[in-house]
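Lettering follows sequence order; numbering is per chain, from 1. This structure is a prediction, so every number in the text was calculated from the model and none was measured.
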2 protein chains.
Amino acid sequence: MAIREKSKEKRNALLKATLNLVNNNGFHDAPMSKIAKMANVSPATIYIYFENKQDLINQLYLELKISYTEQAFKDYSENMPVKKAFELIWYNIANYKLKQVDEAWFLAQCDNTTMIDENSRQEGLKHLQPLLDLWEKGQKEGIIKDVSPYLLYAYAINPLAFLMNMQKRELYQLDKESLKQAFQASWDSIRI
Amino acid sequence: MAIREKSKEKRNALLKATLNLVNNNGFHDAPMSKIAKMANVSPATIYIYFENKQDLINQLYLELKISYTEQAFKDYSENMPVKKAFELIWYNIANYKLKQVDEAWFLAQCDNTTMIDENSRQEGLKHLQPLLDLWEKGQKEGIIKDVSPYLLYAYAINPLAFLMNMQKRELYQLDKESLKQAFQASWDSIRI
DNA sequence: TTAATAAAAGTGAACGTTCATTCATTTTGT
DNA sequence: ACAAAATGAATGAACGTTCACTTTTATTAA
């Protein structure tokens with residue numbers, strides 16, 4: 001009955017092309033025609049894989065977010081001591097942002113603009129829950145300040161996005177030593 | 001010889017309209033036609049006041065950045081003790097972001113996208129120099145960690161942008177108490 | 001004080017382009 | 001043989017910008 005499979009390759013090529021174009025030219029200059037050309041398909045083909053441009057962006061955002069949080073919790077287990085666990089997750093996140101620069105940069109752009117609708121953003125946030133749980137545990141143990149998780153995130157994690165931005169603009173170098181300094185600042189800001 | 005003055009009012013109306021449209025719809029959906037309509041002028045009139053759309057955005061960015069840094073250093077003098085001075089500047093910035101939400105939100109968007117060219121961004125950064133000088137003074141006095149000013153900024157100031165973002169999305173409330181907590185976290189992260 | 005003037009502000013409509021999306025048709029894999 | 005993937009060309013809307021023209025106003029000449 002001739003059931004054909006959609007090509008995983010083409011879908012990935014389209015997502016990758018979108019990532020590159022949005023990163024280099026911004027959302028307002030990443031037209032479907034260019035995305036198609038970069039992925040070596042016809043513009044019309046995009047609409048076989050995605051409903052429309054917004055859907056393409058949303059799906060890309062969610063896939064990256066999931067891969068990001070997967071790496072964030074690599075080797076993490078809930079029964080590690082709070083500080084050790086936090087250090088592990090923190091360095092996981094830092095390494096992601098250092099090694100997958102393009103992906104991290106795309107995610108940062110999404111989180112700071114109207115590119116992504118609130119729904120997809122909320123969906124992306126859910127995957128960070130284990131970190132919030134860890135902080136709650138730390139608070140109960142009297143190790144971590146008893147403040148909103150948003151405040152904890154603002155100081156413990158978000159500065160990495162800023163530093164990554166500066167590194168991308170070649171104003172700052174995130175080497176081993178400065179990573180250590182950054183982790184110390186993160187920890188100092190949230191520990192009791 | 002009939003030298004007519006350009007209307008300050010119209011220019012301001014155009015800047016204000018741009019601010020509102022970019023904030024609500026994003027850069028990619030703030031067309032000149034809408035900007036003109038919102039400012040009650042003809043689209044063609046925009047080109048009497050600004051070279052093109054990019055110039056309009058750049059000028060808006062720079063004006064807001066200057067007003068922002070003016071408020072940041074209100075009542076500040078160089079001979080204040082380091083911690084007091086930092087506290088003053090920190091609260092000035094926090095208040096700006098709390099009271100001039102739209103302006104702050106626009107600036108944050110600019111700093112995180114390709115909307116603004118690197119030149120205008122560099123120009124905007126210059127006005128923050130007194131804070132960097134203050135930190136250097138603090139480092140010499142052994143009060144503040146001896147790390148890059150970018151790292152200090154990432155932890156001492158930038159988290160406010162994230163918290164503001166969360167407040168705008170109604171996920172977090174920046175009241176007196178949480179401001180106090182945030183300042184404490186800022187200070188803890190950079191002090192020795 | 002007034003009327004003429006000139007230069008620049010201000011305009012609505014139009015231009016050329018580019019965009020996201022669709023359509024009629026062809027190609028491909030089963 | 002057939003159903004779905006894939007396509008190049010077409011479509012209509014929207015965009016930034018320009019243009020030919022009108023209005024306003026500071027200055028000048030009377």
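Going from atom CG of B/Asp55 over to atom C1' of D/dT17 covers 14 Å, rounded to whole Å. In this structure, the CZ atom of A/Phe50 is 14 Å from the P atom of D/dA5, given to the nearest Å. Atom P of nucleotide D/dT23 and atom NZ of B/Lys6 are separated by 22 Å, given to the nearest angstrom. Distance B/Asp29 CG to C/dT18 C1': 15 Å, rounded to the nearest Å. B/Arg11 places its CZ atom 14 Å from the P atom of C/dA9, with the value rounded to the nearest Å. Distance NE2 (B/His28) to C1' (C/dA20): 13 Å, rounded to an integer number of Å. Between the CE atom of A/Met32 and the P atom of D/dA9 there is a distance of 19 Å, rounded to whole Å. Rounded to whole angstrom, the span from the CD1 atom of A/Ile35 across to the P atom of C/dT18 amounts to 17 Å.
Contacts classified as side chain to side chain donor-acceptor pair (under 3.5 Å) and involving residues 71-81 of chain A (residues at least two apart or in different chains) are given here: A/Gln71-A/Gln100, A/Ser77-A/Asn79.
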Contacts under 3.5 Å, N or O only, protein and nucleotides 11-14 of chain C:
{"residue": "C/dT11", "atom": "OP2", "partner": "B/Ser42", "partner atom": "N", "Å": "3.2"}
{"residue": "C/dT11", "atom": "OP2", "partner": "B/Thr45", "partner atom": "OG1", "Å": "2.5"}
{"residue": "C/dG12", "atom": "N7", "partner": "B/Ser42", "partner atom": "OG", "Å": "3.0"}

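Taking for each of A/Lys34 and A/Glu51 the nucleotide of DNA chain C with the nearest heavy atom, the 5'-most of the two is the partner of A/Lys34.
Nearest to the side-chain atoms of A/Lys53 among the listed nucleotides C/dT21, D/dC15, D/dA6 stands C/dT21. The side chain of B/Tyr47 has D/dT18 as its nearest neighbour among D/dC15, C/dT21, D/dT18.
Residue A/Tyr49 places none of its side-chain N or O atoms closer than 4.0 Å to OP1 or OP2 of D/dA5.
Using a 4.0 Å cut-off between a side-chain N of Lys or Arg and a carboxylate O of Asp or Glu, A/Lys83 and A/Glu87 do not qualify as a salt bridge. In summary, B/Glu63 and B/Arg11 engage in a salt bridge, as defined by a charged side-chain N under 4.0 Å from a carboxylate O. With respect to the salt-bridge test (charged N to carboxylate O, under 4.0 angstrom), the residues B/Lys65 and B/Asp111 qualify. By the 4.0 Å N-to-carboxylate-O rule, A/Lys145 lies close enough to B/Asp188 to be salt-bridged with it.
Residues B/Phe106 and B/Tyr68 keep their aromatic ring centres 6.0 Å or farther apart. Remark: aromatic rings of A/Phe183 and A/Tyr91 are close, center separation under 6.0 Å.
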